[in-house]
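One-based numbering along the sequence shown.
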Amino acid sequence: MPQIVVLPHEELCPEGAVLEVAPGTTVCDALLANDIEIEHACEKSCACTTCHVIVREGFESLESAEDEEEDLLDKAWGLEPTSRLSCQTRMPEDTDLVVEIPKYTINHAKENH
């Protein structure tokens, strides 16, 4: 079964983690199922950027992002060429991923805007 290696995040996963994940599972669902409480303000409907992750390894094995995801990613804090919305990113069949959860998100509701 493929794995997601989650790099340490000061608040959400201070020690980092290695997760066994069934192919086809979204990265967001895998994180949440393993008590890594990544933000997902739009309830995983591809309407915000709070679940943004940076795929440090395994990016080339992922299905391409849809236009809607690409448009939203343009608004994400700390955007990088291998950025994805974790709610839209499904685990490949036989490739492990290394992901980094950015330090900040743009969550207007949480920030009281």
Side-chain angles (χ1 to χ4, degrees):
M1 188 175 309
Q3 296 180 331
I4 298 176
V5 176
V6 183
L7 297 176
H9 181 280
E10 186 176 311
E11 295 174 17
L12 302 178
C13 189
E15 303 299 317
V18 177
L19 315 175
E20 298 280 330
V21 181
T25 304
T26 67
V27 171
C28 186
D29 285 339
L31 295 174
L32 293 171
N34 286 277
D35 299 318
I36 300 172
E37 297 297 321
I38 190 167
E39 287 189 62
H40 53 289
C42 71
E43 297 299 319
K44 303 180 270 184
S45 65
C46 194
C48 73
T49 63
T50 59
C51 72
H52 167 226
V53 295
I54 302 163
V55 182
R56 295 291 181 202
E57 293 180 25
F59 183 81
E60 65 286 339
S61 68
L62 300 173
E63 292 184 14
S64 297
E66 299 286 329
D67 289 342
E68 184 178 17
E69 179 183 357
E70 292 283 357
D71 290 344
L72 282 169
L73 279 169
D74 287 339
K75 302 171 186 170
W77 182 90
L79 181 68
E80 294 195 18
T82 58
S83 289
R84 292 295 302 266
L85 297 181
S86 66
C87 70
Q88 301 300 302
T89 305
R90 296 197 176 276
M91 282 300 294
E93 288 288 326
D94 55 3
T95 304
D96 296 340
L97 300 179
V98 175
V99 300
E100 178 181 347
I101 302 169
K103 185 172 183 176
Y104 300 108
T105 67
I106 300 171
N107 184 344
H108 297 293
K110 185 175 180 182
E111 296 171 2
N112 297 316
H113 288 268

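- No donor-acceptor distance shorter than 3.5 angstrom exists from the side chain of His9 to the backbone of Glu100, with no hydrogens or angles considered.
- Applying the ring-ring contact (aromatic ring centres under 6.0 Å, His included) test to residues at least two apart or on different chains, none of the pairs has a partner in residues 33-52.
- Atom-to-atom distance recorded for Glu43:CD and Cys87:SG is 10.5 Å, nearest 0.5 angstrom.
- Listed for the Thr49 side chain is no donor-acceptor partner under 3.5 Å among the backbone atoms of Leu72.
- To the nearest 0.5 Å, atoms OG1 (Thr95) and CD (Gln3) are separated by 12.0 Å.
- Closest approach of Thr50 to Cys48, counting heavy atoms only: OG1-SG, 3.2 Å.
- For the atom pair CZ (Arg84) and CZ (Arg90), the distance works out to 11.0 Å, reported to the nearest 0.5 Å.
- Closest approach of Pro8 to Pro14, counting heavy atoms only: CB-O, 3.4 Å.
- Looking at Val5 and Arg56, their side chains never come closer than 4.5 Å, going by heavy atoms from C-beta outward.
- Around CD of Glu37, the count of heavy atoms belonging to other residues, nucleotides or ligands within 6.0 Å exceeds 12.
- The CD atom of Glu57 sits 8.5 Å away from atom CG of Leu7, with the distance rounded to the nearest 0.5 Å.
- Counting non-hydrogen atoms of other residues, nucleotides and ligands closer than 6.0 Å to CG of Asp74 gives a total above 12.
- The two residues Pro92 and Ser61 have their closest heavy-atom pair at CG-OG, 3.4 Å.
- Summarising the geometry of Cys46 relative to Leu85, their closest heavy-atom pair is SG-CD1, 4.1 Å, with the distance given to 0.1 Å.
- Counting non-hydrogen atoms of other residues, nucleotides and ligands closer than 6.0 Å to CD of Glu20 gives a total above 12.
- Nearest heavy atom pair, residue Gly78 against residue Ser83, reads O-OG, 4.3 Å.
- Connectivity analysis of hydrophobic side chains (ILVMFWY, heavy atoms under 4.5 Å, direct or indirect) links Leu32 to Ile4, Val6, Leu12, Leu19, Val21, Val27, Leu31, Ile36, Ile38, Val53, Val55, Phe59, Leu62, Met91, Leu97, Val99, Ile101.
- Closest of all the heavy-atom pairs between Ala47 and Cys42 is N-SG, 3.3 Å.
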